[in-house]
Q: 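Quick one: the structure is below, questions incoming.
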Amino acid sequence: MDLNELKELIALMDDAALSEIELEEDGRRVCLKRASAAPVVSAPLVARPTEVPEPTAAPVSPREEAKSAHRHKVTSPIVGTFYTAPSPNTSPYISLGDLVKKGQVLCIVEAMKLMNEIESDVDGRIVKICVEDGAAVEYGETLFLIEPA
Amino acid sequence: MDLNELKELIALMDDAALSEIELEEDGRRVCLKRASAAPVVSAPLVARPTEVPEPTAAPVSPREEAKSAHRHKVTSPIVGTFYTAPSPNTSPYISLGDLVKKGQVLCIVEAMKLMNEIESDVDGRIVKICVEDGAAVEYGETLFLIEPA
Amino acid sequence: MFRKILIANRGEIAFRIIRACRELGVQTVAIHSEADADSLHVRFADESVCIGPADPAQSYRNIPNILSAAEITGAEAVHPGYGFLAENAHFADVCESAGIKFIGPLPECISAMGDKAKARDLMAKNGVPIIPGSEGIITEENEGIEVARKIGYPVIIKAVAGGGGRGMRVVHHETDFASAFHAAQSEAGAAFGNDGVYLEKFFIEPRHIEIQILADDKGKMIYFPERDCSIQRRHQKLVEESPSPVVDDRLRRELGKAANAAVTASRYVNAGTVEFLLDRDHNFYFIEMNTRIQVEHPISECVTGIDLVKEQIKIAAGKPLSIKQSQVKLHGHSFECRINAESPETFRPCPGAITAFHVPGGPGIRVDSASYMGSVITPYYDSLVAKLIVHDQTRAEAIAKMNGALSEFVIEGIETTLPLHKKIFEDPGFIKGRFSTTFLDHFLADFKS
Amino acid sequence: MFRKILIANRGEIAFRIIRACRELGVQTVAIHSEADADSLHVRFADESVCIGPADPAQSYRNIPNILSAAEITGAEAVHPGYGFLAENAHFADVCESAGIKFIGPLPECISAMGDKAKARDLMAKNGVPIIPGSEGIITEENEGIEVARKIGYPVIIKAVAGGGGRGMRVVHHETDFASAFHAAQSEAGAAFGNDGVYLEKFFIEPRHIEIQILADDKGKMIYFPERDCSIQRRHQKLVEESPSPVVDDRLRRELGKAANAAVTASRYVNAGTVEFLLDRDHNFYFIEMNTRIQVEHPISECVTGIDLVKEQIKIAAGKPLSIKQSQVKLHGHSFECRINAESPETFRPCPGAITAFHVPGGPGIRVDSASYMGSVITPYYDSLVAKLIVHDQTRAEAIAKMNGALSEFVIEGIETTLPLHKKIFEDPGFIKGRFSTTFLDHFLADFKS
């Protein structure tokens with residue numbers, strides 16, 4: 001049985017909405033299975049507002065979209081308050097468009113009166129600052145998008 | 001086995017609302033499965049014993065099966081007790097294989113001490129007596145199968 | 001105790017009765033129409049019998065088939081639930097003739113209470129307050145004025161053949177009586193071909209208060225703390241609570257005394273409810289007596305800890321009431337919401353399949369329902385999907401609990417009254433306990449806009 | 001009262017606390033791991049904060065992140081639930097240092113009760129009966145015989161470094177003491193490199209009886225009717241009931257007195273549980289004190305009508321206990337079944353997605369659960385799917401009710417202990433109330449075969 005034959009069988013499965021095909025002939029055996037396409041039950045309990053991807057300023061072209069997939073996310077390793085600068089009177093660690101080095105401090109997240117410096121884990125350019133100065137951040141929340149150099 | 005044969009099998013599955021077909025013949029074997037089309041939830045709330053079609057005396061050949069679809073069902077219009085004869089000492093109204101006429105009394109269903117005669121609503125031959133003498137019958141329960149003349 | 005009971009009903013109340021039987025060790029027979037073959041009451045009964053097609057006249061009201069079902073299954077008693085045959089004296093009668101115990105009062109009692117005019121007369125004779133009014137038709141203006149003076153304004157003039165508000169006039173002052181009287185007469189004559197009118201006292205913003213009673217066949221009886229069922233739309237109750245926010249202990253005892261008088265007068269046996277109208281001055285008047293278990297019975301169970309359905313069965317089995325009046329104690333506060341498969345705005349029934357069903361839980365939450373994910377609300381029967389009942393120490397806590405429970409309740413695939421119930425439990429007037437039977441009319445006008 | 005509370009837990013207990021807060025008008029902050037983003041406690045809280053990855057050490061036990069979450073959301077208090085950080089004195093301590101009220105006893109009290117030996121000494125000093133035994137290690141055979149005579153046979157010899165039954169011997173008669181003592185010593189030495197052994201009275205078929213208490217910070221306290229939690233497997237409770245089928249009013253008062261003494265001795269504040277071992281002669285002995293709300297708290301709520309979680313919050317907010325001991329009345333009987341996602345035979349956890357979920361309903365049924373159709377029991381946390389609680393007038397009725405409720409409960413997609421619970425509630429010994437902490441071992445041997 002060659003690939004084309006298999007492809008035909010798969011097409012048949014799709015068309016006929018089959019979950020399994022098994023064939024045995026002349027000592028050959030083929031078995032195709034597909035897990036239940038969509039378990040109804042995985043739907044959330046209550047209709048939550050659909051999580052729309054965060055709107056960007058302008059509609060994104062497919063090309064840009066593709067690029068954004070390659071952007072590196074810097075996420076918060078702790079829960080706390082996000083600050084762009086070491087203190088209210090100093091200038092921010094970085095600005096949009098800045099080139100940063102791996103290990104460079106990007107911001108601080110204050111937790112329990114402790115200032116935790118968050119460093120970049122890649123070299124690249126800051127293409128987005130995702131959180132406003134002084135805002136609360138969760139564990140795993142994206143702080144910056146960096147386009148790796 | 002070529003694709004057309006498979007397609008025919010799938011058509012058969014659809015027509016008969018089957019979820020699985022397995023064939024083995026001359027060293028060839030084919031098995032087609034379809035995940036329950038219906039959403040999981042339409043299944044009864046609790047696992048009930050699967051309702052197997054009532055077993056008939058002998059395995060039915062596809063041909064006979066096809067015929068049985070054309071058989072006429074005489075159902076009980078009331079709830080009560082099924083009797084084949086007008087009284088314990090008399091002979092039954094009809095026997096298996098009898099030819100009956102429309103309007104002919106086939107049995108009685110006793111309800112609240114009243115004997116209700118159940119008549120045939122077609123001409124034909126009695127091919128099955130579905131209820132035992134003295135048994136309780138529900139509304140809509142099949143009492144006889146008649147092969148229309 | 002009975003060995004086996006047939007439940008001549010469907011839906012949540014049939015399931016409720018099955019649960020009670022199960023706990024009493026009594027076997028159950030469910031009956032069902034062809035449309036209800038997959039219902040929970042069928043699934044959880046010990047036996048089931050199909051008794052007809054979907055049309056209730058041919059199934060759940062089909063007396064011969066139901067009695068046959070009892071006979072072929074050997075059921076010793078029939079529980080009628082509410083609706084269908086529950087207040088059908090003929091059904092109760094043929095049950096008894098067939099040697100099957102009808103779980104409810106005697107047929108004579110059902111008949112007597114079913115005739116509203118007779119019931120009213122019986123109550124008046126036995127010292128139960130009734131709505132003041134004329135004795136029969138009034139033909140003369142002056143006669144009417146005299147009656148109106150006696151019962152006090154405002155009064156309502158009603159057509160004896162009436163309905164739909166025609167031939168009906170509310171009169172607030174004697175100066176307006178004559179013109180209203182003649183207008184009502186001619187309107188009634190034009191509308192019904194019968195210009196007979198009668199007079200009744202008219203109540204502004206009354207409350208619907210009812211007293212649940214239990215009476216055994218030994219003459220013993222108890223009454224329960226009142227239920228306030230004023231939140232209704234066209235006599236369909238939507239929210240019930242016990243106790244009423246406006247009834248105090250003294251009034252509660254008076255209501256109980258009147259209910260007991262009604263029970264004695266009608267020689268009532270089993271569970272029943274005496275309905276009263278309560279005016280703004282807290283005078284109460286007999287409306288009617290319901291000779292069956294009621295949809296809203298759970299709130300009385302919650303505030304007293306007494307299982308009314310089990311008691312119904314025990315009474316029917318000839319057991320003496322084991323609860324004394326002094327043991328009927330009011331604990332906390334309870335609400336019931338009737339969640340119907342209806343548009344919350346138009347109240348149009350919305351039958352269909354339930355595609356998601358998740359009930360609230362936790363302390364003080366009770367859900368009586370025969371619905372489940374995948375079950376279908378058919379167009380043949382009532383649109384009740386679930387009764388949501390809460391119980392807490394105080395009215396304020398019970399309201400907070402109901403708010404939370406309503407927000408947890410998920411029913412998808414059909415429209416339900418859940419959004420309306422949520423709004424009611426957020427309404428400041430409702431929260432303060434300030435409402436009457438006119439509440440929902442005003443409320444709905446706001447809700448829709 | 002607090003304006004906002006952070007709930008440092010997950011699952012049903014987090015949801016339980018949210019419900020209590022909602023009814024008290026308190027806003028809630030849920031915390032959750034990345035694995036729990038779709039959990040009901042997250043959905044029904046007013047706010048939520050992700051505090052770490054699935055691993056509980058990095059999320060639900062991550063003190064800095066949890067405190068930060070409280071800080072950024074402005075929560076004034078933290079409810080720890082049970083498990084995770086609930087009995088972590090350090091956590092309670094840093095909460096207080098951060099100005100966030102820990103809803104539970106003071107850190108010192110958690111520490112004191114957490115050290116089982118110290119707790120035992122404290123109780124003994126304050127007149128709470130403890131399990132009789134040697135004071136520390138016994139090195140001489142004769143010393144052991146003397147202690148054994150004093151406390152009475154049977155006795156158990158245990159290794160101080162022990163565990164898993166090694167270095168452990170039960171002695172029924174003095175004639176067997178010497179050989180058992182030396183065997184235990186050498187076994188302990190071989191197994192743990194420490195041959196120190198001590199002596200304790202051994203109980204045949206004891207019961208696990210516990211007393212729920214509430215104490216405010218004004219020195220006022222109340223105790224609840226006992227819970228019998230003898231149905232357990234390797235110290236995991238499976239079924240709990242209140243009251244115990246073997247405790248009468250007199251014993252209940254004695255247990256209550258002992259629990260009060262424990263509270264006074266430990267200067268306990270908030271909700272807690274004093275656990276006792278009850279022997280066949282109805283003597284009881286202190287085991288330990290749990291300084292948190294317990295999984296089985298709902299049965300105490302059912303039989304008294306008191307909401308323990310609301311009371312916890314009120315006490316933490318500095319309110320005096322509003323309930324007097326005389327108001328803690330025992331009403332009826334309550335059972336709880338812990339339905340776990342486990343094989344009912346091997347008890348192997350069975351995580352997975354729930355493909356069908358339908359809870360029982362009707363009068364006297366309570367379900368505490370954070371599960372729903374489509375929810376996933378993850379392998380990271382405990383396997384509790386739902387707590388099924390029933391309440392009825394008598395133990396027999398409550399058993400009948402539980403039987404019915406278990407048959408109505410539908411959980412598909414994962415294996416659960418439902419079949420085991422059904423069997424337990426059909427067991428003649430269980431039904432008669434004749435069981436001890438050894439019940440489940442015997443029972444499981446039969447169940448598997």
Side-chain angles (χ1 to χ4, degrees), chain C residues 12 15-16 18-25 40 43-44 297-298 301-302 305-310 322 329 331-332 356-375 386-394 396-405 407-408 410, chain D residues 12 15-16 18-25 40 43-44 297-298 301-302 305-310 322-323 329 331-332 356-375 386-393 396-405 407-408 410:
Chain C
E12 68 86 16
F15 198 10
R16 168 75 187 87
I18 289 170
R19 284 169 171 152
C21 288
R22 204 161 54 186
E23 289 166 23
L24 291 169
L40 285 197
R43 201 156 296 168
F44 285 108
H297 76 274
E301 297 183 327
C302 282
I306 297 167
D307 187 312
L308 282 164
V309 179
K310 283 191 200 168
S322 62
K329 283 190 185 133
H331 295 287
F357 191 71
H358 186 86
V359 300
I365 300 291
R366 169 175 170 184
V367 179
D368 277 30
S369 174
S371 299
Y372 56 95
M373 179 144 176
S375 69
K387 304 191 308 201
L388 173 57
I389 303 113
V390 302
H391 182 220
D392 211 325
Q393 307 262 26
T394 63
E397 285 172 290
I399 288 175
K401 187 157 272 178
M402 184 62 92
N403 265 316
S407 74
E408 287 180 26
V410 177
Chain D
E12 69 86 17
F15 199 9
R16 169 74 187 89
I18 290 170
R19 283 169 172 153
C21 289
R22 203 161 55 187
E23 291 165 23
L24 290 170
L40 285 197
R43 201 156 295 167
F44 285 107
H297 76 274
E301 297 183 325
C302 282
I306 297 167
D307 188 312
L308 283 163
V309 179
K310 283 192 201 170
S322 61
I323 308 152
K329 283 192 185 132
H331 294 288
F357 191 71
H358 186 87
V359 300
I365 300 292
R366 170 176 168 182
V367 179
D368 277 30
S369 174
S371 300
Y372 57 94
M373 180 145 175
S375 69
K387 305 191 306 202
L388 172 57
I389 302 113
V390 302
H391 182 220
D392 212 326
Q393 307 262 25
E397 285 172 291
I399 288 175
K401 186 157 271 177
M402 184 61 91
N403 265 315
S407 74
E408 287 180 27
V410 177

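Quick caveat: nothing in here was measured; it's all calculated off a predicted structure. Naming: A, B, ... by sequence-line order, numbering from 1 per chain.
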Q: Counting only non-hydrogen atoms closer than 4.5 Å, does Val367(C) touch chain D with its backbone (N, CA, C, O), its side chain (CB onward), both, or neither?
A: backbone
Q: Within this structure, what is the NE2-SG distance for the pair His297(D) and Cys302(D), rounded to the nearest 0.5 Å?
A: 9.5 Å
Q: Find out whether Ile365(C) and Arg366(D) are in side-chain contact, i.e. whether some heavy atom of one side chain is under 4.5 Å from a heavy atom of the other.
A: no
Q: Check each atom of Ser371(C) against the heavy atoms of chain D and say whether the ones under 4.5 Å are side chain, backbone, both or neither.
A: backbone
Q: The criterion is side-chain contact (heavy atoms from CB on, under 4.5 Å); which residues satisfy it with Cys21(D), sequence neighbours excluded?
A: Ile5(D), Ile17(D), Val26(D), Thr28(D), Ile313(D)
Q: Checking heavy atoms, do the side chain of His331(C), its backbone, both or neither come under 4.5 Å from chain D?
A: side chain
Q: Please classify the contact between Pro363(D) and chain C as side chain, backbone, both or neither, with a heavy-atom cut-off of under 4.5 Å.
A: both
Q: Flag the one option from Glu12(D), His391(D), Glu23(D) with the top tally of heavy-atom pairs under 4.5 Å to chain C.
A: Glu23(D)
Q: Please classify the contact of Asp392(C) with chain D as side chain, backbone, both or neither, using a heavy-atom distance under 4.5 Å.
A: side chain
Q: Is the His358(D) ring parallel, tilted or perpendicular to the Phe357(C) ring (thresholds 30°, 60°)?
A: parallel
Q: What option among Ala400(D), Gly361(D), Ala386(D) has the most heavy-atom pairs under 4.5 Å with chain C?
A: Gly361(D)
Q: Excluding sequence neighbours, so at least two apart, what forms side-chain contact (heavy atoms from CB on, under 4.5 Å) with Arg19(C)?
A: Phe15(C), Arg22(C), Glu408(D)
Q: Specify the closest pair of heavy atoms between Leu308(C) and Arg16(C), including all atoms of both residues, with the distance to one decimal.
A: N-NH2, 4.4 Å
Q: Which distance, rounded to the nearest 0.5 Å, do you find between the CD1 of Ile389(D) and the NZ of Lys401(D)?
A: 13.5 Å
Q: Side chain, backbone, both or neither: which part of Ala405(C) has a non-hydrogen atom closer than 4.5 Å to chain D?
A: backbone
Q: Please classify the contact of Lys310(D) with chain C as side chain, backbone, both or neither, using a heavy-atom distance under 4.5 Å.
A: side chain
